[in-house]
Amino acid sequence: MRRSIRRNVSLAAILAAVVSVGAAAPSSSAHPSAPPPKSPVAVGYGGAVSSVDADATAAGIEVLRKGGNAVDAAVATAAALGVTEPYSAGLGGGGYFVYYDARSHTVRTIDGRETAPLSADASLFLENGKPLAFADAVTSGLGVGTPGTPATWDTALNAWGSKSLRQVLQPAERIARDGFVVDETFRSQTAGNEERFRDFPATRELFLPGGKLPEVGSVLRNPDLARTYEEVGRKGVDELYRGELAEDVVRTVRNPPVDPASGRVVRPGDLTAKDLSSYRALRQAPTKVNYRGLDVYGMAPSSSGGTTVGEALNILESTDLSRASETQYLHRYIEASRIAFADRGRWVGDPAFEDVPTTGLLSQRFADARECLIKDDAVLTSPLAPGDPRHPGACRPAGKAAPTTYEGENTTHLTTADKWGNVVAYTLTIEQTGGSGITVPGRGFLLNNELTDFSFAPADPAVHDPNLPGPGKRPRSSISPTIVLRHGEPVLALGSPGGATIITTVLQTLTGKLDRGLPLADAIAAPRASQRNAPATELEPALWNSPSRAKLESLGHVFKLNPEIGAATGVQRLPDGRWLAAAEKERRGGGSAMVVRPSGRR
């Protein structure tokens, strides 16, 4: 799936191929201009933005050019992604926000994860005593959690922003109103959802204009979302948590607007007005580990990203990866991932409900007790039993293995920086590609299916599962926005989509940059391996077809092919004070990196 087509469509072709969604085609003055150029790398001054989409990146740059800071730009970029990447992000989802404050040299975070209804319990996804089929849970009201994205934007802007919500939503509102150019990725993702999208009239009208898949090069408009953004900007995010918009969300979840003629059984959810009004995005301390003399900050639980990336880095600390061969490096990286995921599965859940030993999981003492499992000439067997971070014992298991819960892969990540040195790494999602498939009628956005990140039932009744549903509980996530500092100053920030592969993508990119000395763009582009305490490690084609695979298999590694793992973006502070923004060169069609002023222009 490539996005390059989107960037090469001429303005004349765009104007000739306009498709109006949900409204009559406006006059030519309302047509969008040609999409901005797309590049995976940009270097310069004044701030930087990196995301998967050029229109969204340009929205963030627009806010920076108007005097906004990294937080303002992050919200503007995220809102634009809600238009151009609506199957990955939007008002109906949630996410995790990591912020570096240049003035205080501190890192802060926001947990904007969706929550289960207050009526939920461990039987949320059980029917007649058995777990629902996963697909049935995804396309249902049962899978919809209380959205956290609007509260995240509001919390971040109130705490650290310099612009109003109304101001930073304006670029996204304009894109939704005037439209964006459909690319191959958007059409492909729509095609993958076509069957279920057709079963929801509001979704069908929005994403299947005229009852057909949108053509590559056509312009897709979302006037309902433009009006929603205008309303939220004018009235504030309380509109989604207490106002008419909240009523629309609750009505949609409790009575999913499925076409009766479709024959699809869509189970209702139990989301209520109280669930929305009681939601809070949580400001909390980040995770932190020291790696090669650098401070690496990430998201604490309810995300498992910070603890799992941090534990794996601690395990790798004792190995000089800069001198290791490619095979040795990959072997150590894979085994550290396997161990960290084994511990994640046993210990990490929503800390409001579970006793999560975060400090222990991030301690070097615990990592050393687990690192001794790794052998240079042999491979660990998965599923691997966890250790006990409360009572570390060298090479000593602490119970049965817990499986890795499936997580949807179509999240999105953005990274921003400003001229003052502030940095944001922000990952947001609606879970599956297309979320629940349910659009809120008249509002222009899809609802999430994040509650399917919970375990539907314990894999082993004898093993405690910290990720079962509960009232108001946040499902465990793998989202891993990460910021790296040296002596209190930013070195780099990055993150990725990809479900549970987010953790391994961030870990491999960090070690590729910090240990192997790759430029950030090359570390992002490097072929990936992902081991998540499973019998087989997933490999992208470039590694699958490389000599390294045979060498690793000779040690005992087992592999399976994965066409694409993750889609990272990042920013780096260069020694001369410039920002380098980096995105994918190929994955998801390539990303978009921009700076306010290119190199040589202060």
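Hydrogens, waters and symmetry mates are skipped; everything else that's a heavy atom, side chains included, is used.
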Q: Does any N or O in the side chain of Ser480 come within less than 3.5 Å of the main-chain N or O of Ser478, such that one atom is a donor and the other an acceptor?
A: yes
Q: Taking Arg221 for its side chain and Asp178 for its backbone only, find out whether a donor-acceptor pair lies under 3.5 Å.
A: yes
Q: Is there a donor-acceptor contact under 3.5 Å from the side chain of Asp465 to the main chain of Ser455?
A: no
Q: Is there a donor in the side chain of Thr569 and an acceptor in the side chain of Thr415, or the other way round, less than 3.5 Å apart?
A: yes
Q: In plain terms, say whether Asp248 and Arg251 are close enough for a salt bridge, that is, a side-chain N and a carboxylate O under 4.0 Å apart.
A: yes
Q: Mark yes or no for whether Arg166, through its side chain, and Gly233, through its backbone, hold a donor-acceptor pair below 3.5 Å.
A: no
Q: Would you mind reporting whether Arg267 and Phe125 have side-chain heavy atoms less than 4.5 Å apart?
A: no
Q: Between Arg476 and Asp350, is the closest basic N to carboxylate O distance under 4.0 Å?
A: no
Q: Answer yes or no: is there a side-chain heavy-atom contact under 4.5 Å between Leu142 and Leu451?
A: no
Q: From Leu494 CG over to Ile524 CD1, what is the distance, rounded to the nearest 0.5 angstrom?
A: 6.5 Å
Q: For a 4.5 angstrom cut-off between non-hydrogen side-chain atoms, does Val356 reach Pro466?
A: no
Q: Could Glu354 and Lys473 be called an ion pair, given the rule that one side-chain N must be under 4.0 Å from one carboxylate O?
A: yes
Q: What are the two closest heavy atoms between Phe200 and Pro257, and how far apart are they?
A: CD2-O, 3.7 Å
Q: Taking all atoms of both residues into account, what is the closest heavy-atom pair of Met299 and Thr109, and its distance?
A: SD-CB, 3.5 Å
Q: Please output the side-chain donor-acceptor pairs of residues 145-152 that fall under 3.5 Å, not counting sequence neighbours, one pair per line with the distance.
A:
residue, atom, partner, partner atom, Å
Thr149, OG1, Gly93, O, 3.1
Thr149, OG1, Gly94, N, 3.1
Thr152, OG1, Gly148, O, 2.8

Q: So does Arg227 pair up with Glu231, basic N to acidic O under 4.0 Å?
A: no
Q: Run the salt bridge (charged side-chain N to carboxylate O under 4.0 Å, His left out) test against Asp111 and tell me which residues pass, sequence neighbours left out.
A: Arg474
Q: Residues in salt bridge (charged side-chain N to carboxylate O under 4.0 Å, His left out) with Glu244, at least two apart?
A: none
Q: Which is it for Val49 and Leu414 under the side-chain contact (heavy atoms from CB on, under 4.5 Å) test, yes or no, and what are the steps along the way?
A: CA-CA 7 Å; Val49 180; Leu414 65 94; 5.8 Å; no
Q: Supply the atom-to-atom distance Ser51 OG to Glu85 CD, rounded to the nearest 0.5 angstrom.
A: 7.5 Å
Q: How long is the gap from CG on Leu225 to CD1 on Ile175, to the nearest 0.5 Å?
A: 10.5 Å
Q: Please report the interatomic distance CG(Leu245) to CD(Glu247), rounded to the nearest 0.5 Å.
A: 9.5 Å
Q: Give a yes or no on whether a salt bridge exists between Arg177 and Glu230, defined as a side-chain N under 4.0 angstrom from a carboxylate O.
A: no
Q: Counting C-beta onward and ignoring hydrogens, is there a side-chain heavy-atom pair between Phe197 and Thr203 closer than 4.5 Å?
A: yes
Q: Looking only at heavy atoms, what is the nearest atom pair of His413 and Tyr426, with distance?
A: ND1-O, 3.1 Å
Q: Verify side-chain contact (heavy atoms from CB on, under 4.5 Å) between Leu447 and Ile430, making sure each step is shown before the conclusion.
A: CA-CA 7 Å; Leu447 292 171; Ile430 61 172; over 6 Å; no
Q: Filter on salt bridge (charged side-chain N to carboxylate O under 4.0 Å, His left out), then keep only pairs touching residues 273-287, sequence neighbours left out; what's left?
A: none
Q: Start with the C-alpha distance between Leu157 and Val168, add both sets of side-chain angles, then the distance that settles side-chain contact (heavy atoms from CB on, under 4.5 Å), and finish with yes or no.
A: CA-CA 10 Å; Leu157 290 172; Val168 300; 3.9 Å; yes
Q: Keeping Asp72 on the side-chain end and Lys163 on the backbone end, is there a donor-acceptor pair under 3.5 Å?
A: yes
Q: Apply salt bridge (charged side-chain N to carboxylate O under 4.0 Å, His left out) to Arg242 and list each qualifying residue two or more places apart in sequence or on a separate chain.
A: Asp238
Q: Go through the steps for Leu446 and Phe207 under the test side-chain contact (heavy atoms from CB on, under 4.5 Å), then give the verdict.
A: CA-CA 11 Å; Leu446 289 157; Phe207 298 119; 3.8 Å; yes
Q: Can you tell me if CG on Asp355 sees more than 12 non-hydrogen neighbours from other groups inside 6.0 Å?
A: no
Q: Closer than 3.5 angstrom, by distance alone: can the side chain of Thr57 be matched with the main-chain N or O of Ser592 as a donor-acceptor pair?
A: yes
Q: Does the Asn467 side chain pair with the main chain of Gly349, one donor and one acceptor, at a distance under 3.5 Å?
A: no
Q: Are Glu62 and Gln170 close enough that some pair of their side-chain heavy atoms sits under 4.5 Å apart?
A: no
Q: How close do Thr308 and Ser304 get, heavy atom to heavy atom, and via which atoms?
A: OG1-O, 2.6 Å
Q: Less than 6.0 angstrom separating the ring centers of Phe186 and Tyr87, yes or no?
A: yes
Q: Is it true that Glu311 and Arg344 have a side-chain N and a carboxylate O under 4.0 angstrom from each other?
A: no
Q: Hey, does the side chain of Glu205 reach the backbone of Leu208 with a donor-acceptor pair shorter than 3.5 angstrom?
A: no
Q: For the pair Glu538 (side chain) and Glu540 (backbone), establish whether a donor and an acceptor sit closer than 3.5 Å, ignoring hydrogens and angles.
A: no
Q: State, yes or no, whether a side-chain contact exists between Ser337 and Ile503 at a heavy-atom distance under 4.5 Å.
A: no
Q: Evaluate the side-chain proximity of Val423 to Thr416: yes if any heavy-atom separation is below 4.5 Å, no if none is.
A: no
Q: Closest heavy-atom contact between Thr439 and Thr252?
A: O-CG2, 4.1 Å
Q: Please examine the side chains of Thr272 and Arg254, heavy atoms only from C-beta on, and report whether any two atoms are closer than 4.5 Å.
A: yes
Q: What pair of heavy atoms forms the shortest contact from Ala156 to Phe97, and how long is it?
A: CB-CZ, 3.8 Å
Q: According to the ring-ring contact (aromatic ring centres under 6.0 Å, His included) rule, which pairs have a member within residues 250-281, sequence neighbours left out?
A: Tyr241-Tyr279
Q: Does a side chain donor of either Thr84 or Asp53 reach within less than 3.5 Å of an acceptor in the other side chain?
A: yes
Q: Working to the nearest 0.5 Å, report the span between OG of Ser496 and CD1 of Ile565.
A: 10.0 Å
Q: Counting N and O atoms only, with roles assigned by atom type, does the side chain of Ser188 sit under 3.5 Å from a partner on the main chain of Glu184, one being a donor and the other an acceptor?
A: no
Q: If you round to the nearest 0.5 Å, how far is CZ of Arg113 from CG of Leu428?
A: 12.0 Å
Q: Less than 4.0 Å between a side-chain N and a carboxylate O, is that true for Arg528 and Glu586?
A: no
